[in-house]
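Worksheet: the structure to be examined is printed underneath.
For the single chain, residues carry numbers from 1 onward in sequence order. Both ligands and their constituent atoms are indexed starting at 1 by order of listing.
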Amino acid sequence: MSNRTRHDRMANAIRFLSIDAVEAANSGHPGLPMGAADIATVLFSRVLKFDPTQPNWADRDRFVLSAGHGSMLLYSVLHLTGYKQVTIDEIKRFRQLGSLTPGHPENFVTEGIETTTGPLGQGIATAVGMAIAEKALAARFGADLVNHRTYVLCSDGDLMEGISQEAADIAGHLKLSKLTVLWDDNRISIDGPTSVSTSTNQLLRFAASGWATAEVDGHDPDAILAAVEAAKGSDKPTFIACRTTIGYGSPKRAGSEKVHGSPLGKDEVAATRAALGWEAGPFEIPEDVAADWRAAGAKGHADREAWEKRLAAAPAELRAEFERRISGTLPQGFLAAVVEAKAKAVAAGGAVATRKSSEAVLDILVPVMPELLGGSADLTGSNNTKAKSAKSVTPDDFSGSFMHWGVREHGMSAAMNGIALHKGLVPFSGGFMVFSDYCRPAIRLAALMGTRVIHVLTHDSIGLGEDGPTHQPVEHLAALRAIPNLLVLRPADTVETAEAWQIAIEHTGGPSALILSRQNLPLLRTDATQENKSAAGAYEIAPASGAAKVSLFATGSEVSLAVEARKLLEAQGVPTRVVSVPSFELFLAKSAAERAKVIGDAPVKVAVEAAIRMGWDEIVGSDAAFVGMTSFGASAPAKDLYAHFGITAEKVAEAALDKLRQA
Ligand SMILES: Cc1ncc(C[n+]2csc(CCOP(=O)(O)OP(=O)(O)O)c2C)c(N)n1
């Protein structure tokens, strides 16, 4: 049998597993797997370095299917190359409850899936992060231990999404030469030919961003291989347009949007079998094809074993540090650094913006934690995310620990996911909180995937002042708190900020958002011990003088305001306590009894937050008073805005007294 025939049969195995699984589920997307089967076959049988028996081998090549709707392409390849989880029965259970073959690829469900994809554009930007992580770790640990490539298969939709531009731009700038993107150039999307909505010359577009480009027939295995091999010699990332036919092989549907996202139907499946000369029944793989695929899957064993030998032979300290970094274990001295940051703040006293508090914490943490990879979306001086010791990553030097992401919040957030998924680094960002909307799709995916990324979101309310309502978050706290598995932390002073950093770094099962002020805030906490009070989510920060009549609840910048209001109320003989609530999620995770203790039994409760009320009722109840925002902000000095919108100690005290009179 000729090599070409063998290739065709391997590719057809992908096509028919995909066709038959979609048929069985009566749901799914056969068009992409059928069209891109040749590309996948070349990559997985002739290019990629991977070992199905060790799906998480640290030095494997990464493959990202950015067009997640083509998930059956991945499941087919994982099955055929021998990933033991993806059995033929799992392929038969495509898209069923509890299967390892969900509708879109989920990295937390199926071994061998590098990242969850489905929201178009995310995959390519996530892969950029993986390629960044590879370079950063290679700079630290050397090519003996870290030397792999990142491959992406993307679709027209991926390239139409704006995030792909952010990804292309930063990847080209950073000369991510080990990143290769293969575009499934089938010129069909859901509405029909892509010509109804785009005229972009993608090759020129990527070239303009500093990529090497190539154009091949996506059904010609040798041409695909040649382009992929040429990419290895380039000092730029490479973009390969692979001209394909969606639904390749289907006599009636190939080349049409009809094959994108629905089963072919019994007759067309039979016609496609006849057209491609595939005689095997549904879910059957002829032995010669199975053997060729198994051999492809076995090729990486030797590479992996050679790498393990190199790791074993590496200097003990380097090896231990590499293993610590990949496992995500915290370094010795982490907790001591947190306590040191608290102690320093307490000794210094004075009023500090929590973004500055965060910087002070980072100045102490970054030297202790080389895995921290900070950054900012062009707001370094405002977000204060660059520690004194941090050196910038540049195209020619990845040994630094700070990323200049440019004005690309969305691309940054997706790339951070890729960095975290790669393992070995803990990424944190900097951005204005109001633009967390621009990060949201990637933060949502981080939460879904359970990746440890930390978003430092500064300028967190009307307290930012003169920049006005476009820059003042109002609904963003509620919007962030609405994302499942995202920890939102809004510290009130430097001590809480240090605690928030500790919580975020120790939170390995998902993303965190640190919500920080632009304006100065007084130091409220003067204890600098190992105890992390913020970890309870809420705690009493100021007690009442007697049996409390009023409980004030606040977060971040409004905690000091509540403390002022407490003084006013106490002066009028109303025993008042203040509860700081740095994290709803942590607090709501506590038992009812623990929560009741913190909430207390004062007859009047008032919540204070310079944001909308949404979410607070779950903590204080709908009968409580709320002092906050009900509209967008305005442009003025912060102090004037707090007065204008009625978020002052006097108003809080008034609200409490009103409630007391009603009680
Ligand atoms: C952000 C986002 N918007 C919309 C969708 C819904 N969707 C899935 S595939 C697709 C477009 C399909 O065209 P293409 O990307 O060319 O894939 P192909 O038809 O070649 O499989 C759309 C709009 C999505 N998955 N993600």
Worksheet item: Pick from Asp38, Asp292, Leu225, Asp220: which one makes a side-chain contact (heavy atoms from CB on, under 4.5 Å) with His7?
Response: Asp38

Item to complete: Any atoms of ligand 1 less than 4.0 Å from a non-hydrogen atom of Gly118? List them with their elements.
Response: 24 (C), 25 (N), 26 (N)

Item to complete: Please say whether more than 12 non-hydrogen atoms of neighbouring residues, nucleotides or ligands are located less than 6.0 Å from CZ in Phe632.
Response: no

Item to complete: Among all protein heavy atoms, pick the one closest to atom 20 (O) of ligand 1 and tell me residue, atom and distance.
Response: Asn186 ND2, 2.6 Å

Worksheet entry | Identity of the nearest option to atom 15 (O) of ligand 1, non-hydrogen atoms only, from Cys154, Ala67, Ser155 | Ser155

Worksheet entry | Identity and separation of the nearest protein heavy atom to atom 21 (O) of ligand 1 | His69 NE2, 2.7 Å

Discussion item. Checking Asp184 against Thr244 for the side-chain hydrogen bond (donor to acceptor under 3.5 Å, both in side chains) test, could you report, in this order, the C-alpha distance in whole Å, the side-chain angles of both residues, the deciding distance, and whether it holds?
Written reply: CA-CA 6 Å; Asp184 179 27; Thr244 60; 2.5 Å; yes

Worksheet item: Near Pro119, which atoms of ligand 1 are under 4.0 Å from a heavy atom of that residue?
Response: 26 (N)

Worksheet item: So is His260 polar-close to ligand 1, meaning N/O to N/O under 3.5 Å?
Response: yes

Item to complete: Just jot down the ligand 1 atoms closer than 4.0 angstrom to any heavy atom of Gly157, in number order.
Response: 14 (P), 15 (O), 16 (O)

Fill in: side-chain hydrogen bond (donor to acceptor under 3.5 Å, both in side chains) between Ser376 and Asn383, intermediate numbers included
CA-CA 7 Å; Ser376 171; Asn383 303 140; 2.8 Å; yes

Worksheet item: In ligand 1, which numbered atoms sit nearer than 4.0 Å to a non-hydrogen atom of Asp156?
Response: 15 (O), 16 (O)

Item to complete: Please indicate whether any nitrogen or oxygen in Ile188 is less than 3.5 Å from any nitrogen or oxygen in ligand 1.
Response: yes

Practice prompt. Please report the C-alpha distance between Phe44 and Phe63 in whole Å, then the side-chain angles of each, then the deciding distance to 0.1 Å, and finally whether the ring-ring contact (aromatic ring centres under 6.0 Å, His included) criterion is met.
Written response: CA-CA 9 Å; Phe44 280 86; Phe63 175 78; 5.1 Å; yes

Worksheet item: Which residue owns the protein heavy atom closest to atom 13 (O) of ligand 1, what's the atom, and how far is it?
Response: Ser189 CB, 3.1 Å

Worksheet item: Tell me: protein heavy atom nearest atom 22 (C) of ligand 1, and distance?
Response: Ile190 CD1, 3.5 Å

Discussion item. So Arg481 and Met614, do their side chains get closer than 4.5 Å, heavy atoms only?
Written reply: no

Practice prompt. Using a strict 4.0 Å cut-off to heavy atoms of Glu161, name the atoms of ligand 1 that fall inside it.
Written response: 1 (C), 2 (C), 3 (N)

Practice prompt. Starting from atom 4 (C) of ligand 1, find the nearest protein heavy-atom neighbour and note its residue, name and distance.
Written response: Leu120 CD1, 4.5 Å

Worksheet item: In a check of side-chain contact (heavy atoms from CB on, under 4.5 Å) between Glu268 and each of Lys252, Glu23, Arg273, Lys258, which one passes?
Response: Lys252

Worksheet entry | Distance-only donor-acceptor check, side chains Asn107 and Thr116, under 3.5 Å | yes

Worksheet item: Given the protein's heavy atoms, is any one of them under 4.0 Å from atom 2 (C) of ligand 1?
Response: yes

Worksheet, complete the sentence: Tightest non-hydrogen contact, residues Gly430 and Met412, listed as O-CE, 3.8 Å

